[in-house]
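Report on the following structure.
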Amino acid sequence: MRWSQAFIPTLKETPAEAEIISHKLLLRAGLIRKLTGGLYTFLPLGLRVLRKVEKIVREEMDRAGALEVLMPALQPPEIWQQSGRYETAQGVFFKARDRAKKEWILGPTHEEVITTLVAGELSSYRQLPKNFYQIQTKFRDEIRPRFGLMRAKEFVMKDAYSFDISDEAAQASYKKMYDAYTRIFERCGLKAMAVEADTGVMGGKFSHEFMAPAETGENEVVYCEACNYAANVEKAASRASQIEGDAAPQTAEKFPTPGVTTIEDLTRPPFQVPAVRQIKTLVYMVENKLALILMRGDHQLNEAKLAGALGTAAFRPAEPEEIFTALQAHPGSLGAVQVKDLPIHADETLLGAVNMTTGANQDGFHWRGVGIGRDITVNKWSDLRLARSGEPCARCGQPLKIRRAIEVGHVFKLGTKYSQALNACFLDESGKKQPAVMGCYGIGVTRTLQAIIEQSNDKDGILWPVSVAPYAVCVTPLTVAPDSAVMKLAEQIYADLGARGVEVILDDRDDRPGVKFKDSELIGFPVRVGIGEKSLARGEVELKKRGGPMTPVKAEEAVEKVLASLY
RNA sequence: CGGGGCGUAGCGUAGCUUGGUAGCGCGCUUGGUUCGGGACCAAGAGGUCGUGGGUUCAAAUCCCACCGCCCCGACCA
């Protein structure tokens with residue numbers, strides 16, 4: 001490609017809309033442009049990168065034995081009703097209507113479609129295992145699109161769905177995808193770690209997320225350097241730090257606490273009750289009934305765990321009016337002492353706690369000397385708390401660490417939820433009808449692209465890994481007069497590299513060197529070959545790896561040196 | 001959806017408090033000088049000041065509504 005013929009609108013200044021470095025660079029390097037919030041056009045250079053990421057994904061899926069298909073983006077709501085997700089996934093749908101006013105759904109994911117397909121084709125266990133994948137645009141009505149491609153209304157995703165005859169076989173399929181993902185991110189030059197994850201609305205059995213560490217990531221990963229335990233913070237278990245030794249249990253007593261409405265307030269004089277000695281009382285509306293959730297004062301509730309404990313995701317924090325009606329007190333003065341008519345769920349760290357302080361369900365009053373079990377009747381004990389940095393690892397006891405990360409991939413073991421609902425069944429060896437055991441596996445392709453930039457950049461711009469760079473080499477003549485020795489050599493190196501299969505761009509723009517250098521560094525071509533009169537007088541050209549020093553090489557060796565530097 | 005911020009030329013922005021000719025930098029066009037790290041000089045083009053309404057002799061500026069974008073939040077009582 002000749003730069004003068006290309007469309008590479010680089011920007012000297014950062015558009016005001018971009019907040020994080022990868023988003024800024026996507027715009028500045030001329031890779032994407034925004035149509036409107038959450039919707040982007042890939043410009044030629046950005047599309048080249050996208051295609052390269054897709055190619056790597058495709059190669060690794062094929063290698064793992066998955067079969068590529070392409071499913072419709074537009075889906076009938078009926079299959080979602082069949083799977084039971086029409087209601088639960090309501091929030092993410094973009095909907096459309098045809099001329100007959102019938103409703104359609106712009107696919108946010110494709111479990112229903114693929115399972116419907118398989119249901120129609122599958123009859124015998126001999127047909128399994130099968131794993132189908134596609135690379136397709138998904139549509140999700142995100143609550144808040146942000147950070148460019150990171151969270152968009154429309155994005156490219158690779159999704160794969162495996163069908164197996166048994167749990168064990170499904171496990172093998174899962175492992176294959178897990179391994180494929182590890183290779184994919186490695187080949188993309190992206191640091192990503194597999195972490196245990198919550199299954200959320202997918203309703204699966206267990207799952208791993210592939211997380212690319214980055215400060216701007218929207219997720220938090222809890223990990224242990226000692227034993228390699230790693231989990232999404234929504235899932236992460238930590239060992240409960242017990243409350244230190246107690247004096248003899250005191251008797252519960254109500255005391256006035258005018259104006260006190262937070263855990264923090266109670267830790268200050270005159271009360272000076274440490275947060276670990278407090279019981280935080282949260283009120284939730286669970287399927288239209290109120291429930292109390294008790295946490296230790298220094299702990300935070302993890303809603304993903306709460307969903308697991310409640311067995312439903314249909315809950316929300318109660319409104320203050322609802323709380324007052326039920327407990328005759330406002331948030332900040334709530335407690336579970338002597339509450340008999342509401343279900344009480346408690347985090348297991350409170351088990352056996354005595355001498356605790358908690359709200360009295362009377363504004364301006366708290367109880368102290370409260371003993372769980374004696375003064376509060378807990379209906380269900382569960383692990384409900386958010387793991388924190390420094391807490392002992394649940395496996396090995398070493399301190400846990402937390403870091404932010406971008407979720408780039410997710411593998412789920414689904415079980416038979418969808419195959420049962422949509423009748424994707426087969427006859428086993430004994431002639432018995434069985435639902436296929438499924439798994440599903442996603443990679444956010446466009447998000448991966450941006451995550452690579454987020455991890456690989458410096459003050460001058462992007463540092464593309466060779467595997468996904470829009471062009472591997474930028475040949476930069478400092479003079480472009482057609483009959484000059486400099487340009488002639490540039491043309492020759494450009495042609496020779498192209499002939500050797502290297503993706504190369506020739507910066508034939510009649511611009512000053514500084515402009516060309518800045519642009520090539522902003523875009524981040526892995527290797528630049530600079531050709532100028534001065535060095536050429538010595539029979540040399542300049543080889544510069546992005547982010548590295550400039551090294552002179554003999555002009556006649558340039559092509560070989562470039563090839564060597566690429567691998 | 002709640003809160004906050006912002007909409008002025010392709011991009012970045014000043015002007016708004018205190019109403020009175022819309023300004024600057026980058027980019028763009030033309031000419032010239034330059035030519036190894038985002039050149040310089042000169043002359044230009046380019047604006048429904050987000051949209052609609054209101055107040056006023058007069059609105060980018062004040063008021064109302066709407067639209068759009070960005071950020072934070074939407075569990076921590």
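Just so you know, these numbers use all the heavy atoms, side chains as well, and skip hydrogens, waters and symmetry mates. By convention in this document, chain letters (A, B, ...) are assigned in the order of the sequence lines, proteins followed by strands, and residues within each chain are numbered from 1.
With a 3.5 Å ceiling on both atom-pair distances, B/G46 lacks any Watson-Crick or G-U wobble partner. The partner of B/G52 is B/C64, judged by Watson-Crick or G-U wobble contacts that both fall below 3.5 Å. Base-pair partner of B/C57: B/G20 (Watson-Crick or G-U wobble, both distances under 3.5 Å). Base pairing annotation: B/U34 forms no Watson-Crick or G-U wobble pair, as no partner gives both donor-acceptor distances under 3.5 Å. Pair assignment for B/A9 gives none, since no Watson-Crick or G-U wobble pairing has each distance under 3.5 Å. The partner of B/G73 is B/C1, by the rule that a Watson-Crick or G-U pair needs both atom distances under 3.5 Å.
When the P atom of B/C76 is taken as reference, atom CG of A/L266 falls 18 Å away, rounded to whole Å. In this structure, CD of A/E303 is placed 13 Å from P of B/A77, rounded to the nearest angstrom. The nearest whole Å value for the distance from the CG atom in A/L35 to the P atom in B/G68 is 13 Å. Atom CG of A/L27 is separated from atom C1' of B/G12 by 13 Å (rounded to the nearest Å). As rounded to whole Å, 14 Å separates atom P of B/G37 from atom NZ of A/K544. Between the NZ atom of A/K24 and the C1' atom of B/C71 there is a distance of 13 Å, given to the nearest Å. When rounded to the nearest whole Å, the span between CG of A/L334 and P of B/C75 equals 17 Å. Across the protein-nucleic acid pair, A/L306 atom CG and B/C75 atom P stand 12 Å apart, rounded to whole Å.
Under a 4.0 Å N-O distance rule, the pair A/R388/A/E391 qualifies as a salt bridge. A salt bridge links A/R368 with A/E253: at least one charged nitrogen is closer than 4.0 Å to a carboxylate oxygen. Taking 4.0 Å as the cut-off between side-chain N and carboxylate O, A/D347 and A/K305 do not count as a salt-bridged pair. In this structure, A/R403 does not pair ionically with A/E215, as no charged nitrogen and carboxylate oxygen lie closer than 4.0 Å. Using a 4.0 Å cut-off between charged nitrogen and carboxylate oxygen, A/R2 and A/E491 count as a salt-bridge pair. The residues A/D511 and A/K516 are annotated as not salt-bridged, no charged nitrogen and carboxylate oxygen being separated by less than 4.0 angstrom. Salt-bridge formation is not detected for the pair A/R140/A/E142: no Lys NZ or Arg NE/NH1/NH2 atom is positioned less than 4.0 Å from an Asp or Glu carboxylate oxygen. Between A/R546 and A/D458, at least one side-chain N (NZ, or NE/NH1/NH2) sits under 4.0 Å from a carboxylate O, which counts as a salt bridge.
Residue contacts for A/Q300: at a heavy-atom cut-off of 4.0 Å it reaches a base atom on one of the strands shown. Among the heavy atoms of the strands lying under 4.0 Å from A/R28 is at least one base atom, whether or not backbone atoms are also near. Nucleic acid contact for A/I143: base, since at least one base atom lies under 4.0 Å from a heavy atom of the residue. Residue A/F324 is out of contact with every strand shown, counting any heavy-atom pair closer than 4.0 Å. Nucleic acid contact class of A/G37 (heavy atoms, under 4.0 Å, all strands): sugar-phosphate only.
Going from the C1' atom of B/U48 to that of B/A42 covers 32 Å, rounded to whole Å. Rounded to a whole angstrom, the distance from the P atom of B/U61 to that of B/C26 is 29 Å. Distance noted for atom C1' between B/U8 and B/G25: 15 Å (whole Å). Rounded to whole Å, the separation between the P atoms of B/A74 and B/C28 comes to 45 Å. For the P atom pair drawn from B/A9 and B/U55, the interatomic distance equals 28 Å after rounding to whole Å. Comparing the P positions of B/G27 and B/A65 gives an interatomic distance of 42 Å, to the nearest angstrom. Taking the C1' atom of each, B/G20 and B/A60 are spaced 13 Å apart, rounded to whole Å. Between B/C24 and B/G47, the two P atoms lie 15 Å apart (nearest whole Å).
Judged by distance alone, with hydrogens and angles left aside, A/D511 brings no side-chain donor or acceptor close enough to the base of B/G38 to form a pair under 3.5 Å. Side-chain atoms of A/E533 and base atoms of B/G36 include no donor and acceptor less than 3.5 Å apart. For a distance-only test at 3.5 Å, the side chain of A/E13 qualifies as a donor-acceptor partner of the base of B/G25.
Comparing B/G36, B/C69, B/A74 against the side chain of A/T36 picks out B/C69 as the nearest. Across B/C70, B/C35, B/A77, the shortest atom-to-atom separation from the side chain of A/K34 is found for B/C70. Closest to the A/A16 side chain, of the nucleotides B/C76, B/A39, B/U13, is B/U13. Comparing B/U34, B/G37, B/A77 against the side chain of A/I263 picks out B/A77 as the nearest. For A/Y284, whose side chain is taken as the heavy atoms from C-beta onward, the closest listed nucleotide among B/C75, B/C11, B/C76 is B/C75. Closest to the A/V515 side chain, of the nucleotides B/C72, B/A77, B/A39, is B/A39. Residue A/L282 places its side chain closer to B/A77 than to any other of B/A77, B/G38, B/C70. The listed nucleotides are B/C75, B/C26, B/G37; the one nearest the side chain of A/R528 is B/G37. Among the nucleotides B/C70, B/G36, B/A39, the one closest to any side-chain atom of A/E19 is B/C70. Which of B/G73, B/G37, B/C76 sits closest to the side chain of A/M550 comes down to B/G37.
In this structure, A/D519 and A/E17 both approach RNA chain B, and ranking their closest nucleotides by distance from the 5' end singles out A/D519. When each of A/T14 and A/T10 is assigned the nucleotide of RNA chain B bearing its nearest heavy atom, the one mapping closer to the 5' terminus is A/T14.
Side-chain N/O atoms of A/R144 include one lying less than 4.0 angstrom from OP1 or OP2 on B/C72. Taking side-chain N and O atoms only, A/R512 has a distance below 4.0 Å to OP1 or OP2 of B/A39. A/R146 has no side-chain polar atom (N or O) that falls below the 4.0 Å cut-off from OP1 or OP2 of B/C70.
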>> I'd like to know whether A/F255 forms a ring-ring contact (aromatic ring centres under 6.0 Å, His included) with A/W367, so could you lay out the CA-CA distance, the side-chain angles of the two residues, the decisive distance to 0.1 Å, and finally the verdict.
In response: CA-CA 6 Å; A/F255 67 109; A/W367 284 98; 9.3 Å; no
